[in-house]
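Note that ligands are numbered from 1 as they come in the structure, with each ligand's atoms numbered from 1 the same way. Residue numbers start at 1 and run along the sequence shown.
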Amino acid sequence: MIQRRSTLALLAAAASTTLLSTVAGRPARATGNKPTIAVIGTGEVGSALGKRWAALGYQIVYGSRTPGGDRIKTLIRETGHGASAETNANAAAKADMAVLALPWVATENVIKGMGDLSGKILMDPINGLKVTNGRFEAPPGLETSSGEMIQEWAHGAHVVKAFNTLSREVMEDPAAASGPVTVSLAGDNAEAKARVGAIAADMGLVPLDVGAIYLARYLEGMARLRIAFRAKNKPAAIEFHLQSHQG
Ligand SMILES: NC(=O)c1ccc[n+]([C@@H]2O[C@H](COP(=O)([O-])OP(=O)(O)OC[C@H]3O[C@@H](n4cnc5c(N)ncnc54)[C@H](OP(=O)(O)O)[C@@H]3O)[C@@H](O)[C@H]2O)c1
């Protein structure tokens, strides 16, 4: 508990002190005192995070294959707070932080089409999944984790595996769970993780820096466990709360 409190205190401090600091020498853009976030992908996760973050004061620019389409116009209206939409590449260019709310199969192409992502913080909530004979497994081609593969494709960006272990309902409202919910963070850049953790804390969730990006493979396994549990026990669902302690 003590360590959790001190972690949260650190993240709160990071939120107030790093918003105008730099990642890889680039200034973080801020609206008021909160950064602009590019939300790449406008499905369940993109729209849930975009609406919630906009309500919390973050400036949201959606990235979409069809930024001018009727569905996106409705999403912008529902999001409010000055939200806008662009192509994926233009949205990424307008923000120093982006969430990749994408299907795993589309991720490589979308990232490679977004141009130079050096210095940007890329939040990765992606869970590649293949269901075979009732078994929930990683799909072919995903031997490590999406977090590690995105870090290779977007060389120079700071990938943070985050938000993949929780359900969309909890992203919309943490009270949907019956207790605290952890947002586990895996990545190789400490400042990037602190900044993503500050956003999670702002949402009423409990950020926990679990370590380097290779640990994304275990966070993706946790997500498959959550999804398999729900498929078998619907409407029951599970959420993760990891407690750190001193020995
Ligand atoms: N749903 C959950 O509860 C949940 C929870 C945690 C993590 N996740 C993970 O988060 C990621 C997004 O999940 P989601 O539920 O938001 O998925 P989704 O509803 O299918 O939305 C994905 C979005 O990605 C964009 N996209 C870009 N290229 C695409 C392509 N070739 N095919 C299809 N869509 C494409 C689309 O937005 P545009 O049409 O605007 O381009 C689409 O709306 C997934 O990897 C999922 O495993 C989901």
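Using a 4.0 Å cut-off between heavy atoms, Leu129 makes no contact with ligand 1 at all. Only the side chain of Arg226 comes within 4.0 Å of ligand 1, judged by heavy-atom distances. Under 4.0 Å from ligand 1, the heavy atoms of Arg71 that appear belong solely to its side chain.
With 3.5 Å as the limit, one finds a donor-acceptor pair spanning the side chains of Ser146 and Glu220. Looking only at atom types and distance, the side chain of Arg71 has a donor-acceptor partner in the side chain of Thr42 under 3.5 Å away. Counting only N and O atoms by type, the side chains of Thr79 and Tyr62 include a donor and acceptor under 3.5 Å apart.
Residue Ile126 approaches ligand 1 through these ligand atoms, each under 4.0 Å from one of its heavy atoms: 45 (O). Close contacts between ligand 1 and Phe163 involve ligand atoms 6 (C) [criterion: under 4.0 Å to a heavy atom]. With ligand atoms numbered from 1 in the order given, ligand 1 contributes 7 (C), 8 (N), 9 (C), 10 (O) to contacts under 4.0 Å with heavy atoms of Pro125. The atoms of ligand 1 that sit less than 4.0 Å from any heavy atom of Met171 are 5 (C), 6 (C).
Looking from atom 17 (O) of ligand 1 to the surrounding protein, the closest heavy atom is Glu44 N, 4.5 Å. In this structure, atom 6 (C) of ligand 1 lies nearest to the protein heavy atom Leu166 O, 3.3 Å. Among all protein heavy atoms, the one lying closest to atom 31 (N) of ligand 1 is Ala106 CB, 3.4 Å. Atom 37 (O) of ligand 1 has as its closest protein heavy atom Thr42 N, 3.2 Å. Annotation: atom 3 (O) of ligand 1 to nearest protein heavy atom, Arg168 N, 3.1 Å. Looking at atom 46 (C) of ligand 1, its nearest protein heavy atom turns out to be Asn127 N, 4.1 Å. Atom 18 (P) of ligand 1 has its closest protein heavy atom at Gly43 CA, 4.0 Å.
With Ser146, Ala85, Pro103, Ala48 as candidates, the residue nearest to atom 33 (C) of ligand 1 on a non-hydrogen basis is Pro103. Within the set Ala101, Ser64, Gly46, the minimum heavy-atom distance to atom 22 (C) of ligand 1 is found for Ala101. Here the shortest heavy-atom distance to atom 27 (C) of ligand 1, taken over Val170, Val45, Leu102, belongs to Leu102.
For Glu169 and Arg230, the salt-bridge test passes: some basic side-chain N is under 4.0 Å from an acidic carboxylate O. At a threshold of 4.0 Å, the pair Arg52-Glu172 does not count as salt-bridged, since none of the basic side-chain nitrogens sits closer than that to a carboxylate oxygen. Under a 4.0 Å N-O distance rule, the pair Asp188/Lys193 does not qualify as a salt bridge.
For Arg65, a nitrogen or oxygen atom sits less than 3.5 Å from a nitrogen or oxygen atom of ligand 1, counting backbone and side chain alike. For a threshold of 3.5 Å applied to N or O pairs, the pair formed by Thr66 and ligand 1 contains no separation below that value.
Annotation: side chain of Glu78 is in contact with side chain of Lys51 (closest heavy-atom distance under 4.5 Å). Annotation: side chain of Met123 is in contact with side chain of Ile37 (closest heavy-atom distance under 4.5 Å). Side-chain contact between Tyr58 and Ile199: present, with at least one pair of heavy atoms (C-beta onward) separated by less than 4.5 Å. Taking 4.5 Å as the limit, some side-chain heavy atom of Val183 sits within range of a side-chain heavy atom of Leu166. With a 4.5 Å cut-off on side-chain heavy atoms, Ile126 and Leu100 count as touching.
Not a single heavy atom of Tyr62 lies less than 4.0 angstrom from ligand 1. Ligand 1 lies out of reach of Glu169, whose nearest heavy atom is not under 4.0 Å from it. Remark: distances from the non-hydrogen atoms of Ile40 to ligand 1 are all 4.0 Å or more. Within the 4.0 Å heavy-atom cutoff, Asn164 counts among the residues contacting ligand 1.
A donor-acceptor pair is defined here as one N or O able to donate and one able to accept, closer than 3.5 Å; no such pair exists between the side chain of Asn233 and the backbone of Ala236.
In this structure, atom 8 (N) of ligand 1 is in close contact with the protein, since a protein heavy atom lies within 4.0 Å of it.
A side-chain contact (heavy atoms from CB on, under 4.5 Å) with Lys161 holds for exactly one of Leu122, Asp124, Ile150; it is Asp124.
Follow the hydrophobic side-chain contacts under 4.5 Å out from Leu129 and you never reach Trp104; the two are in separate clusters.
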